[in-house]
Q: 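Before I ask anything, here is the structure I am working with.
Note: hydrogens, waters and symmetry copies are ignored here, and every other heavy atom, side chains too, is used.
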Amino acid sequence: MTAFFYVNSFSIFEAIHEQLLKKTYYIAILLVIAFFGCTKKNQQNPNVTSQEDSLATYLSKANDFSSTTKKRQDYIKKAFPIIINQSNDSLQRANLFRIANRYYNLNDWKGYHEIAQIVLEKSKSSKDTASIAKAYSYLGDYYGSQGVSDSSFMYYFKAEKIYLQRNDNYNLAKTRLNKAQLQYNESDLAGSEISVFKALSVIKEEKADDIVYDSYNLLGLLYNELGEYNKAIEYHIKALGLNNEVLPIEIQSKATSMNNLGLVYQNLNQHKRAAPYFQKGLEQKKNLIIYKPSLYGMLLDNLAYSKYKLNESNGLPELFYESLKFRDSLKLTTGVIISQIHLSEYFASKSDSKKALQYSKEALNVARNSKNHRNLLLPLKQLAIIEPAKAAVYNKEYIHINDSLQKAERSMGDKFTRIEYETDQIKDENTSLTTQNRNLVYIFGSILILGMFIYIIKAQKAKNRELLFKQEQQKVNEEIYSLMISQQSNVESIRIKEKKRVAQELHDGVLGRMFGVRMNLDGLNKIHDEAAIEKRNDYLSELKNIEQDIREISHDLNREKSELINNFVAIVDDLFENQKQTFKPKLVSTIDSTIKWESISNAIKINLYRIIQESLQNINKYANANAIHVEFKREIDNLFLEIRDDGIGFNVNRAKKGIGLQNMLSRINECKGTFEIKSKKGEGTIIIVTVPI
């Protein structure tokens, strides 16, 4: 207890001096009483200071990264009862946030969520907007970790609105960056890029190196994902150039940037440049294991993969094993799957198919047990390569999951847009604007309806023209196919006539003469000379054998049908044969024997033929491929065509759609089918066509 007294005394007259002496006496007595009262009070509550000291100790030890998880959890449990029994003030809320942070550092999301909910309720009851916004941000972190992205985005958006109202630029930027990270995780790359630059725009005048670092780092990851590798390198170097000493040690900025730069060069297939970055990142091993163990496991695996790609045997496969063991101990599901797939690739290159298959199947099992369906893509892709007999099954599941994920990503992007823009404020503004401009809306509405009516008429005319054009094109396609069939039929007709002529000659000429010989020999058998009879019997047996052989040949020739007349397979085989004789790539074709081509319309056949023709032409021109695989197969009521090459590939998202590709799409639309192109630089190209039959 502190007391501060200020006494201003002066003496003019004796009486006044005496009065002041009396007052001083009384003040001295009061001072003594107050001193002993405070001492007694402290003696009565000795546990107050003791509890505060214990709380500080528990919170400090709970955040000791070098301690075991169990011990740190125990200290959190000891600190919580002390805090929760405090009064609901700013100190209690600050301590609750500290508890939440300890759970966050331990990846204990259940505890983190419970504390965030408690502090949100207390903040709302106290009308503490700063703490409400912070609690919303914590809840956004929790739902993001659980994969509930729409709820996570909603809480970040609520926090953002409050920070904007409070002009809290630092936390506003931090929240926008959290939104950007969430959008990146959900593959909403355009939205993520916008959110990052919004975050950077509000901290231009502020000292916030940690947010700048995270922003540059995320931009590097974004551009790496988009295939803009020069930009990715630029932003990762910017992040690396920030003062490492002022950044929180927990983020391990130097090692993080080294890993990210290495990943960019890995994507560029420049493993000689990638490997040194991973090695430099691993120089921070001691701090990484304490503060960012997941990054340590990633660096080990990335270094091992670059070494494998460079055909360096030093440290392999031990680095892969170390990374897998480390990630498994941390229960990093995605990391474990990546390590297993890399091991599978490694052993496949060493011709150890047993181990390659083992690790791929282990990765598939881990992926199936995880909540994230995206984890299934890598194992399915690898299994299709190392287990070709089941490639069709794996590829079918891969395509199904990939399509589902793409739909989910588009849906999530739409959800983010709705959450951000369909707020009460915007709804109120829209209502007010509608009321003020009702007459104007009616006018514009009438004009719009009239315009739409005119547009529909014009669109219908254009559609009719397009339909007529398609019908004409269809007729042309049918005529072309008929000409091809006719040409094939003419060739086969000549072959059949020649076969019939040979059969007639054999039957009517040779067999007739041989029959006469046999009859004469039968007549001579009446002579009973044993030697002559035996000899004649031998000749007769031989003649009968010859007669039977010639008869079988004749019947086979007559029985043979024109299997190639109107045969789509023959026409396609001619195309393949021409490809093999003219161009360098090795062509392998597979046609499912269960397909009933006679039941498939000529329109579909000619369109499929033209798609194969255009695809082979593109491969010959641009792909620089060594091998081409063409496969027809039937599944239930669908016909599948897959054209695959091992050429240089291309970026599907950035490639221009030329006339050839547009023609392919148009042909598939005519068949009411689907068309998909999969390609990456350096990984070849796959074209998948699905047509209902």
Q: Do other residues, nucleotides or ligands put more than 12 heavy atoms under 6.0 Å from the CG atom of Asn230?
A: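 At most 12 heavy atoms, drawn from other residues, nucleotides or ligands, come within 6.0 Å of this atom.
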Q: Applying side chain to side chain donor-acceptor pair (under 3.5 Å) to Lys179 and Ser192, what does each step give before you reach the verdict?
A: CA-CA 7 Å; Lys179 280 172 57 184; Ser192 179; over 6 Å; no
Q: Would a 4.5 Å heavy-atom cut-off, applied to side chains only, mark Val264 and Leu261 as touching?
A: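 No, their side chains stay 4.5 Å or more apart.
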Q: At their closest point, which heavy atom of Leu182 faces which heavy atom of Phe153, and how far apart are they?
A: CD2-N, 3.4 Å
Q: Walk me through whether Tyr103 and Gln73 qualify under side chain to side chain donor-acceptor pair (under 3.5 Å).
A: CA-CA 8 Å; Tyr103 278 125; Gln73 286 175 334; over 6 Å; no
Q: Between Ser360 and Ser344, what is the shortest heavy-atom contact and its length?
A: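 For Ser360 and Ser344, the tightest heavy-atom pair comes out as OG-OG, 2.6 Å.
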Q: Closer than 4.0 angstrom, basic N to acidic O: yes or no for Asp74 and Lys70?
A: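 Result for this pair is yes, salt bridge flagged.
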Q: Does one side chain, of Tyr229 or Asn224, offer a donor that lies under 3.5 Å from an acceptor on the other?
A: no
Q: What I want to check is whether the side chains of Asp128 and Ser123 have a donor and an acceptor closer together than 3.5 Å.
A: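 Looking only at side-chain atoms, Ser123 and Asp128 do not form any donor-acceptor pair under 3.5 Å.
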Q: Rounded to the nearest 0.5 Å, what separates atom CD1 in Ile399 from atom CG in Leu377?
A: 11.0 Å
Q: Just say parallel, tilted or perpendicular for the rings of Tyr305 and His342, cut-offs at 30° and 60°.
A: parallel
Q: Would you check if the side chain of Arg102 reaches a backbone N or O of Leu59 as a donor-acceptor pair within less than 3.5 Å?
A: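 The answer is yes, because a donor-acceptor pair under 3.5 Å joins these two groups.
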Q: NZ of Lys198 to CG of Leu172: how many Å apart, nearest 0.5 Å?
A: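 Output value for this atom pair is 10.0 Å.
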Q: I want to check something: taking the side chain as every heavy atom from C-beta on, are Phe80 and Ile115 in contact at a cut-off of under 4.5 Å?
A: yes
Q: Of Trp109, Tyr138, Tyr142, which meets side-chain contact (heavy atoms from CB on, under 4.5 Å) against Tyr104?
A: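 It is Trp109, the one option of Trp109, Tyr138, Tyr142 that forms the side-chain contact (heavy atoms from CB on, under 4.5 Å) with Tyr104.
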Q: If I compare all heavy atoms of Phe278 with all of Leu263, which pair ends up nearest, and what's the gap?
A: CZ-N, 3.7 Å
Q: Between Asp210 and Tyr170, do the side chains contain an N or O donor and an N or O acceptor separated by less than 3.5 Å?
A: yes
Q: My understanding is that only one of Ile76, Ile82, Ile99 makes a side-chain contact (heavy atoms from CB on, under 4.5 Å) with Tyr58; could you say which?
A: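 Result: among Ile76, Ile82, Ile99, Ile82 is the only option passing the side-chain contact (heavy atoms from CB on, under 4.5 Å) with Tyr58.
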Q: So how far is it from Ile83 CD1 to Arg98 CZ, rounded to the nearest 0.5 Å?
A: 7.5 Å
Q: Is any side-chain heavy atom of Thr68 closer than 4.5 Å to a side-chain heavy atom of Arg72?
A: no
Q: Do Glu683 and Lys680 pass the salt bridge (Lys or Arg N to Asp or Glu O under 4.0 Å) test, and can you show the C-alpha distance, the side-chain angles, and the key distance before you say yes or no?
A: CA-CA 5 Å; Glu683 295 185 13; Lys680 283 186 180 179; 5.1 Å; no
Q: Where do Glu186 and Arg374 land on the salt bridge (Lys or Arg N to Asp or Glu O under 4.0 Å) test, with the steps shown first?
A: CA-CA 11 Å; Glu186 291 296 334; Arg374 188 175 295 281; over 6 Å; no
Q: Give me the one residue out of Asn217, Leu218, Val212, Ile211 that meets side-chain contact (heavy atoms from CB on, under 4.5 Å) with Ser215.
A: Ile211
Q: Under a 4.5 Å cut-off applied to non-hydrogen side-chain atoms, are Gln117 and Leu139 in contact?
A: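 Yes; the side chains approach each other to less than 4.5 Å.
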Q: What closest approach, in Å, do Ile132 and Ile162 show between heavy atoms, and which atom pair accounts for it?
A: CG2-CD1, 3.8 Å
Q: Around atom OH of Tyr321, are there more than 12 heavy atoms from other residues, nucleotides or ligands closer than 6.0 Å?
A: yes
Q: Could you check Thr69 against Asp108 for side chain to side chain contact (heavy atoms under 4.5 Å, CB included), going step by step and ending with a plain yes or no?
A: CA-CA 10 Å; Thr69 300; Asp108 186 344; over 6 Å; no
Q: Are Tyr223 and Tyr235 close enough that their ring centers fall under 6.0 Å?
A: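 Centroid separation for Tyr223 and Tyr235: below 6.0 Å.
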Q: Mark yes or no: Lys238 above the aromatic ring of Tyr216, with NZ or CZ under 6.0 Å from the six-membered ring centre and no more than 45 degrees from the axis.
A: yes
Q: Any luck finding a side-chain donor-acceptor pair between Thr57 and Tyr75 under 3.5 Å?
A: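 Judged by distance alone, the side chains do not pair up.
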Q: Roughly how far apart are Ile338 CD1 and Thr333 OG1, rounded to 0.5 Å?
A: 11.0 Å
Q: Show the numbers, then the answer: is there a side chain to side chain contact (heavy atoms under 4.5 Å, CB included) between Asn375 and Arg368?
A: CA-CA 8 Å; Asn375 289 333; Arg368 290 199 192 284; over 6 Å; no
Q: Less than 3.5 Å apart, any donor N or O on the side chain of Thr175 or Glu160 sitting next to an acceptor on the other?
A: no
Q: How about Asn395 and Leu380: do any of their side-chain heavy atoms sit closer than 4.5 Å?
A: no
Q: Given 3.5 Å as the limit, does a donor-acceptor pair link the side chain of Ser306 with the main chain of Leu303, or not?
A: no
Q: Assess Lys134 against Phe97: is NZ or CZ under 6.0 Å from the centre of the six-membered ring, and within 45 degrees of the ring's axis?
A: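 Yes, cation above the ring, under 6.0 Å and within 45°.
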Q: Can you tell which of Arg176, Gln181, Gln183 makes a side-chain hydrogen bond (donor to acceptor under 3.5 Å, both in side chains) with Ser195?
A: Gln183
Q: Between Gln284 and Tyr296, do the side chains contain a donor N or O and an acceptor N or O under 3.5 Å apart?
A: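 No, no side-chain donor-acceptor contact under 3.5 Å.
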Q: Do you see a donor-acceptor pair shorter than 3.5 Å between the side chains of Arg327 and Ser339?
A: yes
Q: How about NZ on Lys678, more than 12 heavy atoms from neighbouring residues, nucleotides or ligands closer than 6.0 Å, or not?
A: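 For Lys678, atom NZ is crowded (more than 12 foreign heavy atoms under 6.0 Å).
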Q: Donor-acceptor pair, Ser151 side chain versus Tyr143 backbone, under 3.5 Å?
A: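 Not confirmed, Ser151 side chain does not pair with Tyr143 backbone.
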Q: For residues Ala274 and Gly262, report the shortest heavy-atom separation together with the two atoms involved.
A: CB-O, 3.3 Å
Q: Looking at CG of Asn402 and NE2 of His373, how far apart are the two atoms once the value is rounded to the nearest 0.5 Å?
A: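 Answer for the CG-NE2 pair, Asn402 versus His373, is 13.5 Å.
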Q: Please check if any side-chain donor atom of Ser131 sits under 3.5 Å from a side-chain acceptor atom of Lys122, or the reverse.
A: no
Q: Would you give the length of the straight line joining atom OH of Tyr265 to atom CG of Asn302, rounded to the nearest 0.5 angstrom?
A: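 Taking OH in Tyr265 and CG in Asn302, the distance rounds to 15.0 Å.
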Q: When you check the side-chain N and O atoms of Ser87 and Gln92, is any donor under 3.5 Å from an acceptor?
A: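 Side chains of Ser87 and Gln92: no pair found under 3.5 Å.
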Q: Under the criterion side chain to side chain contact (heavy atoms under 4.5 Å, CB included), I'd like the reasoning laid out for Phe326 against Leu330: C-alpha separation, chi angles, the key distance, then a yes or no.
A: CA-CA 7 Å; Phe326 196 79; Leu330 295 171; 3.6 Å; yes
Q: Any chance you could lay out the side chain to side chain donor-acceptor pair (under 3.5 Å) test for Arg93 and Ser126, step after step, and finish with the verdict?
A: CA-CA 10 Å; Arg93 292 190 289 277; Ser126 301; 3.1 Å; yes
Q: Would Glu362 and Gln358 count as having a side-chain donor-acceptor pair, cut-off 3.5 Å?
A: yes
Q: For Ala199 versus Leu177, what's the shortest heavy-atom pair and its separation?
A: CB-N, 4.1 Å
Q: Step by step, work out the side chain to side chain contact (heavy atoms under 4.5 Å, CB included) result for Ser137 and Tyr156.
A: CA-CA 5 Å; Ser137 183; Tyr156 284 144; 4.1 Å; yes
